[in-house]
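A short worksheet on the structure shown next.
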Number of protein chains: 2
Amino acid sequence: MHTRKSVRIGRDTRQRRAILEVLRKANGPLTPSEICRWARRRVPSLGIATVYRHLRVLTAAGLLRRVELPGGSARFEWGDIPHHHHFLCRRCTRAFCTSSCRRRLIEAVPRGFKVESHEVTLIGICRQCFHRRKQPRPG
Amino acid sequence: MHTRKSVRIGRDTRQRRAILEVLRKANGPLTPSEICRWARRRVPSLGIATVYRHLRVLTAAGLLRRVELPGGSARFEWGDIPHHHHFLCRRCTRAFCTSSCRRRLIEAVPRGFKVESHEVTLIGICRQCFHRRKQPRPG
DNA sequence: ATATGTGCAAACTCTTTGCATGGAG
DNA sequence: CTCCATGCAAAGAGTTTGCACATAT
C-alpha cells in the first residue's frame, strides 16, 4: 500500500485490507453498508463504525473518492481512476461507472459564481433489473 | 390553486399555503428544514412532520418537484418550471437554479441500460460566499 | 511497550409514523 | 358534523463518538 502524498493513513489492519479489497473489486462506487456487508466475508466481526472511520481517513488521504449520487448514502470508489460519471439504477439503487466524460459540460451560471466541479448522474434501469424480477445483491 | 391531473392533494390549510408561498418566492430548491424555518414566519406552530407530509403529497400530485443534489437532504422546487439544472454552493450549501439545459447530454452507458433522466450538479462557491465571511441565511 | 485500531453502545440527525386534538369542508 | 390535518413524541434509518480492550509497530 502506498500513499501518494505521505498523508497519515494509519495502520495496516485486517479490517482496512478487507475494505480496500472490496472496493478494488467493485464495478462502481459502494455505500458504507454495502462495503461492510461484503468485507464481513473476510472479517466477520467488522463493525460499521470501523468502516466509516476508514472511509473518512482514506478519502482524506486521496486513496478513495467520495461520490454523492441522488437518493441515498454517499458512495466510495477508488481514488485514482480517471474522471467519469455514474449510472444509478432506480430499482436496485446500485451505482455503476460510465465511460469517461466525453463532452465539455458548460452550464450558464450566474455572474460571480465559481464552478469547481460537477456531478452528472444518469438515472434509469440497469440491464439486470430490466430482465429480473427480484432485487439483485449489490456487488 | 389548480391541480393538473385532478389528483388528491387534500385540504387548503394555513400550513399548506405557507409552505407553497415559501417555495413560490424561492430562487432555488429548498430543503424541508429550510422550508419549515421560513414558513414559521407565517405559521409559528408549524411542525416539521407537517412539512414532510405536504411535500410528499404535493410532489406526488406534480405540483412540486423533488431535487436530489449531492451532500444533504432532498430539496423541493415548483413543479412546472422548465427543465434546468442547479448550482450548489459548497460553502453555504444553498442551491440555485441555472438557466435551462443548453446542450445535449449524451453519456455512454453499458448496453441494455435504460436512461430515464439525468441530474447535473455544478459545485463551487456562490457570489455571496465568495465575498462574505459569514454563512448567509437560506432564501 | 505504546499508541492507534476495534467493536459495542449511545448520541445525533434526518425522516416517518401513531395518536389525540384541531379545523376545513 | 365529519373527516382530514396538525403537532407532539416516539420510532427508524444513517452516521458519529466515547470508551474499554485488542493489536500493529
Side-chain angles (χ1 to χ4, degrees), chain A residues 1-3 6-22 29-61 63-64 66-76 93-95 135 138, chain B residues 1-3 6-22 29-61 63-64 66-76 93 95 138:
Chain A
M1 183 182 314
H2 55 93
T3 74
S6 70
V7 181
R8 287 275 63 232
I9 63 165
R11 293 175 178 172
D12 183 23
T13 63
R14 291 181 306 135
Q15 288 83 350
R16 163 165 297 179
R17 284 191 296 274
I19 289 167
L20 287 174
E21 180 164 4
V22 166
L30 302 179
T31 63
S33 75
E34 286 170 344
I35 293 165
C36 190
R37 194 149 9 102
W38 284 94
R40 276 180 174 156
R41 295 190 171 191
R42 295 221 158 217
V43 184
S45 68
L46 178 63
I48 186 69
T50 297
V51 174
Y52 276 102
R53 281 186 280 235
H54 279 297
L55 293 174
R56 176 141 28 99
V57 169
L58 294 169
T59 299
L63 205 61
L64 298 181
R66 187 188 182 89
V67 178
E68 313 249 22
L69 301 182
S73 304
R75 290 173 162 87
F76 295 84
T93 74
R94 285 189 299 176
Q135 183 166 339
Chain B
M1 186 183 313
H2 57 92
T3 72
S6 70
V7 180
R8 288 273 64 231
I9 63 166
R11 292 175 178 172
D12 182 23
T13 63
R14 291 181 306 136
Q15 289 83 350
R16 161 164 297 178
R17 284 192 296 272
I19 289 167
L20 288 174
E21 180 164 2
V22 166
L30 301 179
T31 63
S33 75
E34 286 170 344
I35 293 165
C36 191
R37 194 149 10 100
W38 285 95
R40 276 181 173 155
R41 296 190 170 191
R42 295 223 158 216
V43 184
S45 67
L46 178 62
I48 186 69
T50 297
V51 174
Y52 277 101
R53 280 186 281 236
H54 279 296
L55 293 175
R56 176 143 29 99
V57 170
L58 294 169
T59 299
L63 205 59
L64 299 182
R66 187 189 183 89
V67 178
E68 313 249 21
L69 301 181
S73 304
R75 291 173 162 84
F76 295 84
T93 74

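Sequence lines set the chain letters: A, B, ... in the order given, protein chains first and strands last, and positions in each chain run from 1. Since the model is a prediction, treat every value here as computed from it, not as a measurement.
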Starting at CD1 of A:I35 and ending at P of D:dG14, how long is that distance when rounded to a whole Å? 14 Å

Starting from C1' on C:dA9, measure out to CD1 on A:I48 and report it in whole angstrom. 15 Å

Partners passing side chain to side chain contact (heavy atoms under 4.5 Å, CB included) against A:V43 (at least two apart in sequence or in another chain): A:R14, A:Q15, A:A18, A:S45, A:L46

Using side chain to side chain contact (heavy atoms under 4.5 Å, CB included) as the criterion, list what pairs up with B:R56, not counting sequence neighbours. none

Quick check: do B:L58 and B:L20 have side-chain heavy atoms less than 4.5 Å from each other? yes

Select from B:G72 and A:P44 the residue whose nearest nucleotide in DNA chain C is closer to the 5' end of that strand. A:P44

Given D:dA9, C:dG7, D:dA5, the nucleotide with the shortest approach to the side chain of B:H54: D:dA5

Measure from the side chain of B:S73, starting at C-beta and using heavy atoms only, and say which of C:dC14, D:dT6, C:dC8 lies closest. C:dC14

With sequence neighbours left out, what residues match B:R66 under salt bridge (charged side-chain N to carboxylate O under 4.0 Å, His left out)? B:E68

B:R42: partners by salt bridge (charged side-chain N to carboxylate O under 4.0 Å, His left out), with sequence neighbours left out: B:E21

Under 4.0 angstrom, heavy atoms only, what part of the nucleic acid is A:L46 near: base, sugar-phosphate, or nothing? sugar-phosphate

Rounded to the nearest 0.5 angstrom, the CZ-CZ distance for A:R94 and A:R75 is 10.5 Å

With rounding to the nearest 0.5 angstrom, report the NE2 to CG distance, B:H54 to B:L64. 11.0 Å

Given the rule that a pair is Watson-Crick or G-U wobble with both distances under 3.5 Å, how would you write DNA chain C in dot-bracket, using | for pairs to a different strand? |||||||||||||||||||||||||

Ignoring backbone atoms, test whether [X] places a side-chain nitrogen or oxygen under 4.0 Å from the OP1 or OP2 oxygen of [N].
{"X": "A:R53", "N": "C:dC8", "answer": "no"}
{"X": "A:S45", "N": "C:dG7", "answer": "yes"}
{"X": "A:T50", "N": "C:dG5", "answer": "no"}

What's touching nucleotides 20-25 of chain C from the protein side, N or O pairs under 3.5 Å?
residue: C:dG23; atom: N2; partner: B:R11; partner atom: NH1; Å: 2.6
residue: C:dG25; atom: OP1; partner: B:D12; partner atom: N; Å: 3.1

